[in-house]
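Heads up: the structure comes next, in structure tokens.
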Amino acid sequence: MVEGARQTIHPTAIIEAGAKLGEGVSIGPFCVVGPEVTLGDGVTLHSHVVVTGRTSVGARTKVFPFVSLGHQPQDLKYAGEPSDLSIGSDCLIREGVTMNPGTSGGGMHTIIGDRCAFLANSHVGHDCKLGNNIILSNGVLLAGHVSIGDYAILGGAAAVIQFARVGAHAFVGGLSGVENDLIPFGMALGDRASLAGLNIIGLKRRGFEREQIHALRHAYRMLFNSAGTLKERVERVAETFADQTAVMEIVDFVRAGGDRALVTPRDAAGRDLSGSEA
């Protein structure tokens with residue numbers, strides 16, 4: 001090891017000229033750091049890690065073997081545009097994880113928040129926008145342009161289609177395929193994921209009060225188990241729960257819309273139970 005006041009770098013590591021390394025950076029055997037990479041203070045690359053492109057990694061983030069960060073997007077329309085990948089502070093990036101930078105078709109940026117955990121062999125596609133405190137379990141796949149809200153948890157081998165949104169505090173079960181937008185606090189399960197209620201366990205773990213959870217349950221029933229069009233139901237919920245921040249987060253999510261419909265409750269035959277498709 002080469003040790004100094006600022007960094008610890010294994011002699012087999014390759015640090016290309018131009019790379020910016022913060023204080024206390026530790027780079028293990030056989031890592032490669034490209035010329036336009038920025039590693040924040042206290043970043044650890046354990047071994048066999050490649051960080052390239054216009055990639056920045058936030059302070060104290062730990063990166064495990066065989067991770068690939070910043071290689072060109074897996075988008076056949078990508079034409080070499082100078083896009084980037086930004087990873088926040090205090091993240092955990094386990095073995096075999098891949099993250100790609102943005103493209104001209106998605107704003108040029110892939111952005112990862114703080115305190116996120118990416119377990120082995122998960123993938124973050126081009127132009128994704130991830131908030132803080134998110135967990136991607138082993139083998140989770142995010143296609144391009146996916147948005148994930150704070151505190152969302154995605155179970156093992158779940159997959160999210162391009163341009164879909166997953167709201168804050170949502171939970172996606174293992175092996176689920178998310179084809180549409182999942183509301184904040186929602187729980188999605190199944191091969192082609194349907195809405196299976198609220199993430200009550202997650203809400204309790206994060207300290208939501210009983211009154212808040214009660215309001216969310218009431219709002220959920222109004223949104224997905226009452227008469228009228230979805231737009232009418234959203235407006236009724238907004239009027240009824242105007243003083244409930246958590247409920248209004250769902251309302252704002254639905255109102256904002258996106259490229260996908262909503263994940264809704266379905267019966268065993270796959271029929272929509274909410275009327276959202278009517």
Minimum heavy-atom distance C91-R115, with the two atoms named:
SG-N, 3.8 Å

When rounded to the nearest 0.5 angstrom, what distance separates CG in L136 from CZ in R94?
14.5 Å

I87 and side chain to side chain contact (heavy atoms under 4.5 Å, CB included): which single residue from V63, L69, L39 fits?
L69

R165 to F253 six-membered ring, cation-pi geometry met (6.0 Å, 45°):
yes

Does anything in residues 90-120 form a ring pair (Phe, Tyr, Trp, His ring centres under 6.0 Å)? List the pairs, not counting sequence neighbours.
none

May I ask whether L141 and V146 are part of the same hydrophobic cluster, defined by side-chain heavy atoms of I, L, V, M, F, W, Y residues being less than 4.5 angstrom apart, directly or through others?
no

Filter on side chain to side chain donor-acceptor pair (under 3.5 Å), then keep only pairs touching residues 182-194, sequence neighbours left out; what's left?
E179-R192

Drop me the distance from E232's CD to L230's CG, to the nearest 0.5 angstrom.
9.5 Å

How is the hydrophobic cluster of I135 composed, in terms of its other members, when Ile, Leu, Val, Met, Phe, Trp and Tyr link through side-chain heavy atoms under 4.5 Å apart, directly or indirectly?
I153, F171, M187, L189

Do we see a donor-acceptor contact under 3.5 Å between the side chains of N100 and Q74?
yes

Below 4.5 Å, heavy atoms only, C-beta onward: do N133 and D150 meet side chain to side chain?
no

How long is the span from the CG atom in L195 to the CG atom in N180, to the nearest 0.5 Å?
11.0 Å

Can you see which heavy atom on F30 is nearest to which on T12, and at what distance?
N-OG1, 2.9 Å

Are V254 and V251 linked, directly or through intermediate hydrophobic residues, by side-chain heavy-atom contacts shorter than 4.5 Å (ILVMFWY only)?
yes

If I compare all heavy atoms of V37 with all of V51, which pair ends up nearest, and what's the gap?
CG2-O, 3.4 Å

So, applying side chain to side chain contact (heavy atoms under 4.5 Å, CB included) with R260, which one of I161, V178, L182 is it?
I161

Has the side chain of S176 got a donor or acceptor atom that lies under 3.5 Å from a matching backbone atom of G190?
yes

Linking I/L/V/M/F/W/Y whenever their side-chain heavy atoms sit closer than 4.5 Å, directly or via other members, would L175 and V263 fall into one cluster?
no

Can you tell me how far apart CG (L142) and OG1 (T110) are? Round to the nearest 0.5 Å.
10.5 Å

Would you check if F66 and V97 make a side-chain contact, meaning some heavy-atom pair closer than 4.5 Å?
no

Taking all non-hydrogen atoms of both residues into account, name the closest pair between A168 and E249 and its distance.
CB-OE2, 3.2 Å

State, to 0.1 Å, how close A13 and G28 come at their nearest heavy-atom pair, and which atoms those are.
CB-O, 3.7 Å

Can a side-chain donor-acceptor contact be found between D127 and T103 if the only test is distance below 3.5 angstrom?
yes

Before you tell me yes or no, could you show the steps for I27 and L45 under side-chain contact (heavy atoms from CB on, under 4.5 Å), namely the whole-Å CA-CA distance, both residues' side-chain angles and the distance that decides it to 0.1 Å?
CA-CA 5 Å; I27 300 177; L45 309 183; 4.2 Å; yes

Apply the test side-chain contact (heavy atoms from CB on, under 4.5 Å) to residues I250 and V237: give CA-CA distance (whole Å), side-chain angles for both, the deciding distance (0.1 Å), then the verdict.
CA-CA 10 Å; I250 298 177; V237 168; over 6 Å; no

Indicate the ring-plane relationship of F185 and H169, choosing parallel, tilted or perpendicular according to the 30° and 60° boundaries.
parallel

Under 3.5 Å, is there a donor-acceptor pair between the T98 and H123 side chains?
yes

Donor-acceptor under 3.5 Å (T38 side chain, S56 main chain):
no

So, does R233 use its side chain to make a donor-acceptor pair with the main chain of T229 at under 3.5 Å?
yes

Co-membership, hydrophobic cluster, residues I111 and V160, 4.5 Å side-chain:
no

Under the side-chain contact (heavy atoms from CB on, under 4.5 Å) criterion, do H126 and M108 qualify, and how do the steps go?
CA-CA 9 Å; H126 59 88; M108 300 286 283; over 6 Å; no

Where the side chain of T61 meets the backbone of G88, is there a donor-acceptor pair that is under 3.5 Å apart?
yes

Between T240 and M222, is there a side-chain heavy-atom distance shorter than 4.5 Å?
yes

Under 3.5 Å, is there a donor-acceptor pair between the side chain of E81 and the main chain of S104?
yes

Short N-O contact, D272 and R266, less than 4.0 angstrom:
no

What distance separates D259 CG from H145 NE2, expressed to the nearest 0.5 Å?
9.0 Å

Would you mind reporting whether R6 and L21 have side-chain heavy atoms less than 4.5 Å apart?
no

Interatomic distance, H218 atom NE2 to I213 atom CD1 [nearest 0.5 angstrom]
16.0 Å

Are E209 and K204 close enough for a salt bridge, meaning some N to O gap below 4.0 Å?
no

Is it the case that more than 12 heavy atoms not belonging to R206 sit under 6.0 Å from its CZ atom?
yes

Pair D84, T55 - check side-chain contact (heavy atoms from CB on, under 4.5 Å), show working.
CA-CA 6 Å; D84 59 55; T55 299; over 6 Å; no

Do you know which two heavy atoms are closest between G102 and Y78, and how far apart they sit?
O-CE1, 4.1 Å

Treating S137 as the side-chain partner and L154 as the backbone partner, does any N or O pair qualify as donor plus acceptor under 3.5 Å?
yes

Grouping I, L, V, M, F, W and Y whenever their side-chain heavy atoms are under 4.5 Å apart, do I93 and V32 come out in a common cluster?
no

Hey, are the side chains of S226 and R236 touching, using non-hydrogen atoms and a 4.5 Å cut-off?
yes

For the side chain of Y151 and the backbone of N132, is there at least one donor-acceptor N/O pair under 3.5 Å apart?
no

